[in-house]
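Letters go in sequence order (proteins before strands), and every chain restarts at 1. Because the structure is predicted, anything quoted here is derived from the model rather than measured.
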Number of protein chains: 2
Amino acid sequence: MINKINKPTIHDIARALKIDSSTVSRALNNSPKVKEDTKKIILAKAEELGYQRNLLASNLRKNITNTIGVVVPRISRHFFSSAIQGIEETAYQAGYNVIICQSLDQLDRERKIVDGLVSNRVDGLLISISMETIDYNHLEVLKRSGVPLVFFDRHCQIPGYSSVIIDDFKGGFDATEHLILKGCKNIVHFSGPLEVEIYKKRFEGYQAALSKYGISFNSEYILSSRLMEKDGYECIEKLLEKGLEIDGLFSSNDLAAIGAMKYLKEQDIKTPEDVAIVGFSNEPVSRVIEPSITTIDQSGFEMGKLAIDLLLEHITNKSIPKKGQTIILESKLIERDSSKRK
Amino acid sequence: MINKINKPTIHDIARALKIDSSTVSRALNNSPKVKEDTKKIILAKAEELGYQRNLLASNLRKNITNTIGVVVPRISRHFFSSAIQGIEETAYQAGYNVIICQSLDQLDRERKIVDGLVSNRVDGLLISISMETIDYNHLEVLKRSGVPLVFFDRHCQIPGYSSVIIDDFKGGFDATEHLILKGCKNIVHFSGPLEVEIYKKRFEGYQAALSKYGISFNSEYILSSRLMEKDGYECIEKLLEKGLEIDGLFSSNDLAAIGAMKYLKEQDIKTPEDVAIVGFSNEPVSRVIEPSITTIDQSGFEMGKLAIDLLLEHITNKSIPKKGQTIILESKLIERDSSKRK
DNA sequence: CTGTTAGCGCATTCAC
DNA sequence: GTGAATGCGCTAACAG
């Protein structure tokens, strides 16, 4: 006997009841146009047959999916998982499903993911771009298909798309100024790719702070990497091997900062007395692991909330604004006790 | 002018080329039946119009989606995000998309998610059930629809479905024995709901170890909770307020263990000298935060890999085995230096 | 209230 | 090789 588990359709239940499938469809959608009695009978039969609506067909017909796609670099990063938390919360309330995808910071994967999501006709897209995303073509073409898109955190300047971001320039400035005021003269900056907007802005903030206090800029102090823990470790290692003086470090995230800290400890350089560190983060664990790292805080949850709100607005208005709206959140520096210097 | 951004279909490109849409369809699927020349023309026009295949329609027609659904309690937990990593890796290689969903340990959400996934006609399901999942009906009904399902880590006994799990009984036994050998007599056990298979097994392991060493079982030492950090904190607080003697703790995860540890430190009870702790985990950060917690290690990545392999096998064989296969991984205890006693 | 008809976009069988 | 015809499962417009 063949394992013929064909899923029942509305026609199956219509046939069993000797009525028309359109009535079944209406009943299943709880249309007021169908008599309560028949509704009951239909629902019962549906239950009996183990009917489950085929959303592919339904969505195809209705031309909406009630689904929004979310693309982030990695779900394991606390910032992103809390952003997703915020997104899902209001999305579900608004009756939307959420598809979560991670690019792993690979442009290639990001392209495929976005393509797939659009092919699956999501109603909207929320994206925090990968570190490799310097070419925006895969996003720009979306405008032709009219899919609303909102960036959050890692964004890029494409007219017509909105963004929810923090004030990266100010964050970079504050971080650097904080270090300067602590007495640092030789401040290293761990950055992501400088072609990516947020890293560029933070870098500009860094430069501005140096310049304000009349500290000369040394390009050897700028290290661009993927900001993983091992990157921080290796970067600081290289710098020290070069014999460069370092007394302050501004890292564009906490992972790289932790990596650097680890190396310094191994080398018996007792941070934070010797090297003061500031990193971008709202990762609670990293604060516990390295309480000596002062952080520029970003709330993923809040950004997620704002981003989904904006997106839902765009979806319901069917409006892709000409310019796109940008919401900039204040970044705030949270100082740890232990990073006080002499 | 109305914002009429109608997505082009194969008919649009067929019309533009004065050929039939079926040819276009074939070309787009790279069928060998269509001449190379026409293929080129079609592809060019598709590009020009910004055509993107409607996967809803395509999948509906083909009755497969090349998508598998993954349901986990929370993506932010390292165990699950590394499992997802493993799953995605082989899934993508095999040409499958992955939809990630989190139940947040709520049965209600889990039900809706599973329903939605099945309605969207995923080709298979990978699930780690919520802590509230005591009633399996939403999973049992899936058998009628023939959707292959594989459990990993948090599973339940449903004939016909396979599981990838660790040896929870042994884990519970080893943890408890470890504590006993360290000299503990009064061992508390933080558990999840005992109706959930894995917690039950760990508890049984706990009991078996006590019994082996002739230590009497005290039900006051069993605390069932959701195992969040605050749960651990509150549980140990209550126990100590009751005036109960405690010198060992076996927690079913690291979060609750950390919560307990926090409370103990606050109370100036110097763990690990006073209370030895074992928790289930493979969360690297928790080991850094609380190196005094010895752990029973679980590799999410490995379990994810095994689970997806099993699932893909089921999908390609179109076989829902009568009994279901169970892969049991060895659990291993990883001792931390600092948890040595007297 | 219910049935009839049509079609969402695509893939596939059958002709030619 | 290509075109014509059919239907995946569902919803919506239109009758009655």
Closest to the side chain of A:Asp20, out of C:dG9, D:dC10, C:dG3, is C:dG3

Practice problem: Ignoring backbone atoms, test whether A:Thr23 places a side-chain nitrogen or oxygen under 4.0 Å from the OP1 or OP2 oxygen of C:dG3. | Solution: yes

Next item on the list: Name the nucleic acid region contacted by A:Arg26, choosing base, sugar-phosphate or nothing; use a 4.0 angstrom heavy-atom cut-off, strictly under.
Entry: base

With the side chain defined as heavy atoms from C-beta on, B:Lys35 is closest, among D:dG1, D:dA12, C:dG9, to D:dG1

Side-chain N or O of B:Thr9 less than 4.0 angstrom from OP1 or OP2 on C:dC8? no

Checklist entry - Phosphate oxygens OP1/OP2 of C:dA11: is one of them under 4.0 Å from a side-chain N or O of B:Ser25? => result yes

Here the pair of heavy atoms bringing B:Arg144 nearest to A:Glu48 is NH2-O, 3.2 Å

* Asked: How would you label the contact of A:Leu55 with the nucleic acid (heavy atoms, under 4.0 Å): base, sugar-phosphate, or nothing?
  -> nothing

Whole-Å distance, B:Ile13 CD1 to C:dA11 P, equals 12 Å

When every non-hydrogen atom of B:Tyr96 is compared with those of B:Thr67, the smallest separation belongs to CD2-N, 3.9 Å

Atom NZ of A:Lys18 and atom P of C:dT4 are separated, to the nearest Å, by 14 Å

Nearest-nucleotide check on DNA chain D, B:Arg61 vs B:Val24; residue mapping nearer the 5' end is B:Val24

From CG of A:Leu60 across to P of D:dC10 the rounded distance in Å is 12 Å

Notebook entry, point to check: Hey, are A:Lys305 and A:Asp309 close enough for a salt bridge, meaning a charged N less than 4.0 Å from a carboxylate O?
Noted result: no

Nearest heavy-atom contact between B:Ile315 and B:Ile68 is CD1-CG2, 4.0 Å

* Is the distance from OP1 or OP2 of C:dA11 to the nearest side-chain N or O of B:Arg53 less than 4.0 Å? -> yes

When rounded to whole Å, the NZ to C1' distance for the pair B:Lys39 and D:dT2 reads 14 Å

From CD1 of A:Ile42 across to P of C:dC1 the rounded distance in Å is 13 Å

Between B:Ser58 and C:dA11, does any side-chain N or O lie under 4.0 Å from OP1 or OP2? yes

Between CD1 of B:Ile64 and C1' of C:dT12 the distance, given in whole Å, is 14 Å

task: Scan B:Ile19 against the nucleic acid and name what it touches under 4.0 Å (heavy atoms): base, sugar-phosphate only, or nothing.
output: sugar-phosphate

When you measure from the side chain of A:Lys143 to the backbone N and O of A:Pro159, does any donor-acceptor pair fall under 3.5 Å? yes

Scanning both residues in full, the closest heavy-atom pair of B:Arg121 with B:Thr65 reads O-OG1, 2.8 Å

In whole angstroms, the gap separating P of C:dG9 from CG of B:Asn29 amounts to 17 Å

The nucleotide from D:dC10, D:dA4, C:dC10 with an atom nearest the side chain of A:Ile10 is D:dC10

### Message
With a cut-off of less than 4.0 Å, is there a side-chain N or O of A:Asn59 near OP1 or OP2 of C:dC8?
### Response
no

Atom NE2 of B:His11 and atom P of C:dC10 are separated, to the nearest Å, by 8 Å

Taking D:dC10, C:dA11, C:dC1 as options, the one with an atom nearest any side-chain atom of B:Lys62 is C:dA11

Among the nucleotides D:dA12, C:dT2, D:dA5, whichever has the atom closest to the side chain of A:Thr38 is C:dT2

Walking DNA chain C from its 5' end, the first of A:Ser22 and A:Glu36 to be reached, judged by nearest nucleotide, is A:Glu36

ask   = Which is true for A:Asn63 with a 4.0 Å heavy-atom rule: it touches a base, it touches only sugar-phosphate, or it touches nothing?
value = nothing

*Could you check whether A:Lys33 gets within reach of a base, just the sugar-phosphate, or nothing at all, counting any heavy atom under 4.0 Å?*
base

